[in-house]
Amino acid sequence: MNAVRSKLSQALGFDEIALESLPLDAGNRLRKSQIRGAIEQMRVFVVGNTCFAPVLAFQAWGLGLNGVVIVWTSLMLAFSWWLFFTWRISYRTDGRSADMCQFVKETKLNASLWCFGMVLFYPFVAGDAKTVLTCVMIGSLALGTVGFSHAPKAALWYLAIHAVTLSLVPFTFGILNQTSIDFLLGSLALVASAGIFNTVLERAKAQMRAFQVQEDLMHKTEVVDLMLKDYEEQGTAWIWETDVAGNIVNCPRKILDLLNLDETKMARTGLLEALKNSVEPDGQPEVIKLGTAFDEKVDLHNVTLPLRMSADGTIRWIVMKGRPQYQNGNFSGFRGFFADATATVEAKKHVEFLAKHDPLTGAYNRNFVQTVLSELDPAHDRALIFLIDLDGFKNVNDGYGHTAGDKLLQIVTNRLLGVVEDQAVVARLGGDEFLVFCKLHPSEMHFAHHQMGTQLLDCLSEPFLVNHLEISLTGSVGIAKFPQDTNQGATLLNHADLALYAAKRGGRNKCVTFIPAMMDGVQNRINVTEKLRKAVQTGCIEPYYQPQFCTKSSQIIGAEALARWNDDDLGFVAPDLFIAIAEETGLIHDLGEQLLRRACLDALRWPPRPDGTPLMLAMNLSPIEVRRGNVADKIKRILTETGFPPSRLEIEITEGVLIDDVPATRFLLEELSEAGIVISLDDFGTGYSSLSYVRALPLNRLKIDQSFVFEIEDPEAQSIVSTIINLCDRLGLEVIAEGVETQNAVNILNGLGCDVLQGYFFSRPLPANAFRELILEGIRFDFHQDMVRSKRVGPYIG
Ligand code: C2E
Ligand code: CA
Ligand code: CA
């Protein structure tokens with residue numbers, strides 16, 4: 001039975017309109033809309049009932065059924081109106097199938113009431129009345145079915161009840177009475193029913209299809225809504241919309257926040273006006289462009305605007321996109337995206353900043369300076385640059401740590417900015433090198449550049465307070481002018497560099513302006529470097545020896561080996577210069593090795609002191625050699641090769657070496673010390689040595705720097721020297737003073753307790769043979785006499 005039913009429902013197309021095939025909530029939605037649609041159409045149905053029922057009653061009136069006619073008509077009208085009122089006014093449904101069942105039930109009851117009228121009256125009426133009765137019933141069928149067609153189930157039941165009655169009753173009469181009119185009327189009803197059935201069914205199918213399309217669309221909209229919501233909640237972009245007048249509509253909270261608006265203000269505020277109020281002054285030109293785009297109704301492409309937040313005063317960058325919207329061909333407003341691009345814009349700005357600035361100090365960087373300099377035009381531009389280098393900054397960095405060094409560089413930048421104010425820009429070229437760049441007006445050609453240079457130096461001379469430590473520094477300044485010094489901006493820096501170099505060589509804390517003669521120096525340096533390379537290769541650089549004299553025993557107790565280079569073209573080249581070049585070029589490693597080997601061999605030939613004690617040989621070890629790491633092995637190898645006793649070798653290191661890398665240096669010094677080599681600290685008192693280094697390292701000797709000895713007559717220098725001597729006494733270190741040039745210096749130093757001395761007073765550095773002779777002859781020195789010298793061999797440079 002069920003199988004037959006399902007076949008039939010399939011054949012008739014009922015399957016296609018079955019609400020059960022839909023998901024529960026979709027089915028409920030459609031059912032609800034069907035019931036509501038049918039109720040909407042109740043007017044037609046009730047009017048139809050009100051008109052047709054009396055017409056039908058009228059056909060049966062006077063046939064002896066008047067009582068029944070009255071009851072039926074009253075019942076019919078009362079029921080129809082009752083249905084009308086209850087459904088139209090109080091009926092509520094959420095589309096459950098129970099509601100539809102109830103609705104269908106009431107529809108069936110209504111149809112049955114009609115059909116009951118047909119069954120009651122048909123047997124009694126005749127002729128035209130029979131036709132009228134059937135036509136009225138067909139009218140009721142049509143009106144009701146079409147009226148209920150929003151709810152196909154109700155409509156079809158209504159139709160079915162009518163169709164069955166309207167055909168069965170006339171056919172039954174036709175068969176019983178053999179009257180053709182009954183067959184005709186029955187057939188008419190059947191045909192009308194079939195036609196209406198088809199219409200209802202097709203409409204129901206169309207309704208189902210439309211519903212499915214709508215459901216689909218709704219689902220898609222929901223997904224899009226969800227995605228948008230998610231997008232908005234993620235805080236990356238939000239949709240904005242304006243109406244025709246440009247007022248903001250449907251705006252997410254986030255956009256209102258960005259525009260400093262609340263919901264009450266939103267409806268009354270034009271988007272453009274809100275932007276004008278919130279956008280920073282530098283973004284206003286973009287707002288004006290935006291206004292034009294709004295007026296011209298053209299697309300907005302990535303308009304980037306800086307918005308000032310009234311809540312906290314911060315700036316948020318937004319990117320706006322949008323396009324005009326049209327409805328039925330009429331402009332309806334704009335719609336688009338607002339994206340918060342703050343992070344991107346800030347990252348971009350940071351990259352741009354880094355391209356031109358030094359991240360540590362915020363000053364401009366080398367890149368920027370080079371670009372600006374290379375763009376200088378000699379025809380129009382006048383410029384001055386001050387190249388500033390901090391003296392001894394490396395020691396600060398190494399001695400107090402990089403954080404302190406960084407802090408100091410920041411303070412230096414601020415001080416320089418304070419000096420130049422808005423007259424110039426300050427750049428940090430790297431490390432401790434700064435540049436002040438001043439573009440001048442042609443009328444300022446006589447700008448007091450030296451005065452500015454001095455101000456720059458002065459600002460560095462005040463102690464720096466870094467992490468509660470007072471650090472004192474000086475700087476050197478090199479000045480170059482454009483276009484006087486060079487008409488190519490790009491090379492201006494080289495000129496300032498030469499001036500800076502001169503300032504440093506001139507004793508630091510100086511300000512030197514470039515002069516063309518400095519260019520010769522460059523050429524000279526290039527020449528010297530080439531020649532030095534050859535000199536090292538051919539072993540032309542030889543050690544000279546300067547005696548170290550003990551005034552107590554009146555004996556030479558040793559000598560310091562000092563490198564001398566007598567070039568065929570250049571003559572004697574100052575060791576300060578060629579040692580510095582050798583250090584820069586790395587030639588120092590070979591040179592140091594050569595000199596040590598030669599000095600060891602020379603010293604092996606020195607006669608011992610009268611009591612048989614051999615003389616000491618002091619060698620200078622460059623910081624560059626120390627840093628290489630394998631220097632201890634190198635020294636030990638040479639000692640083995642030459643057979644020179646380690647205990648006769650003294651290695652002089654400078655204070656700078658100590659600060660460089662204390663653990664590595666200590667390791668090296670311990671290694672040398674263990675090998676029996678004597679270690680002395682050169683130029684003591686000039687650098688940053690602290691007592692802790694002196695205590696921590698295996699030192700044997702301190703060399704008081706020449707600068708104190710030169711000024712030994714000055715009480716302040718005396719007190720420093722006296723302190724150093726006492727210190728050595730307490731730490732068990734030997735002490736030697738170098739740079740002793742006068743009898744008076746000898747006397748004072750002896751008086752302070754220092755009796756090992758070195759200096760021109762005793763002898764200049766001598767070539768190997770001359771030094772050997774000096775040992776043999778001895779230096780006669782009488783403490784009580786003014787000045788008695790045996791012999792000073794010369795003239796040698798020293
Ligand atoms: P330093 O190690 O401080 O050497 C002492 C310098 O003082 C030497 O200068 C010496 O000639 C000079 N001098 C000695 N007595 C007097 C004096 O009474 N009055 C004056 N005015 N000067 C005096 P020099 O030979 O020109 O060497 C300069 C620097 O070059 C040295 O300073 C040292 O740092 C470096 N140097 C020289 N030879 C070598 C070497 O073979 N290896 C290394 N690594 N450095 C060397
Ligand atoms: Ca030395
Ligand atoms: Ca020295």
Side-chain angles (χ1 to χ4, degrees), residues 505 532 535-536 539-549 558-566 572-600 602-603 616-628 631 634-635 638 649-657 678-687 689 701-712 724 735-746 749 756-768 771 779 789 792 794-798:
R505 296 210 21 120
L532 180 68
V536 172
C540 289
I541 299 172
E542 54 177 330
Y544 273 37
Y545 302 96
Q546 185 174 39
Q548 298 179 335
F549 190 78
E560 178 179 2
L562 292 157
R564 289 295 176 269
W565 175 26
N566 189 1
F572 273 105
V573 183
D576 278 325
L577 176 65
F578 75 78
I579 294 290
I581 298 177
E583 285 177 340
E584 275 168 31
T585 52
L587 287 169
I588 192 73
H589 300 290
D590 284 351
L591 179 61
E593 189 170 334
Q594 275 179 24
L595 289 171
L596 178 62
R597 185 173 288 113
R598 277 182 76 164
C600 287
D602 284 344
M616 295 293 294
L617 166 68
M619 296 297 301
N620 289 288
L621 196 64
S622 149
I624 306 293
E625 289 175 278
V626 173
R627 267 178 228 147
R628 194 173 247 197
V631 69
K634 188 172 89 176
I635 294 171
I638 294 170
L649 181 66
E650 176 179 334
I651 293 290
E652 293 189 8
I653 53 158
T654 52
E655 292 174 290
V657 170
V678 174
I679 294 158
S680 90
L681 189 54
D682 205 357
D683 304 341
F684 189 78
T686 51
S689 340
R701 223 181 196 195
L702 284 191
K703 269 187 118 169
I704 300 173
D705 190 63
Q706 298 177 339
S707 55
F708 300 109
V709 179
F710 294 154
E711 290 170 12
I712 199 70
I724 298 175
V735 64
I736 173 169
E738 67 176 332
V740 180
E741 290 188 340
T742 64
Q743 172 72 58
N744 200 22
V746 177
L749 286 163
V756 179
L757 308 172
Q758 180 184 341
Y760 292 172
F761 178 71
F762 304 101
S763 171
R764 287 183 176 251
L766 301 172
F771 179 67
I779 297 171
R789 253 182 292 166
R792 285 174 74 182
Y796 295 107
I797 65 136

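One-based numbering, in listed order, for ligands and for the atoms of each.
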ask   = What N/O/S atom of D683 gets nearest to the Ca ion (ligand 3)?
value = OD1
Atom name in E738, limited to N/O/S, at shortest distance from the Ca ion (ligand 3) = OE2
Once you restrict to heavy atoms under 4.0 Å, what part of [X] touches ligand 1? Side chain, backbone, both or neither.
X    : result
D682 : side chain
E738 : side chain
Y544 : neither
Q546 : side chain
L595 : side chain
M619 : neither
V740 : backbone
A574 : neither

Proximal heteroatom of D682 relative to the Ca ion (ligand 2) (N/O/S) = OD2
message = Among the N/O/S atoms of E560, which is closest to the Ca ion (ligand 2)? Give the atom name.
response = OE2
ask   = Is E652 close enough to the Ca ion (ligand 3) to have an N, O or S atom under 3.0 Å?
value = no
inquiry  = Testing the basics here: between E583 and S622, what is the closest heavy-atom pair and its distance to 0.1 Å?
reply    = OE2-OG, 2.8 Å
remark   = Closest heavy-atom pair, F684 versus L702, reported as atoms and distance to 0.1 Å, is CD1-CD2, 3.8 Å
ask   = Got a sec: is N620 within less than 3.0 Å of the Ca ion (ligand 2) via an N/O/S atom?
value = yes
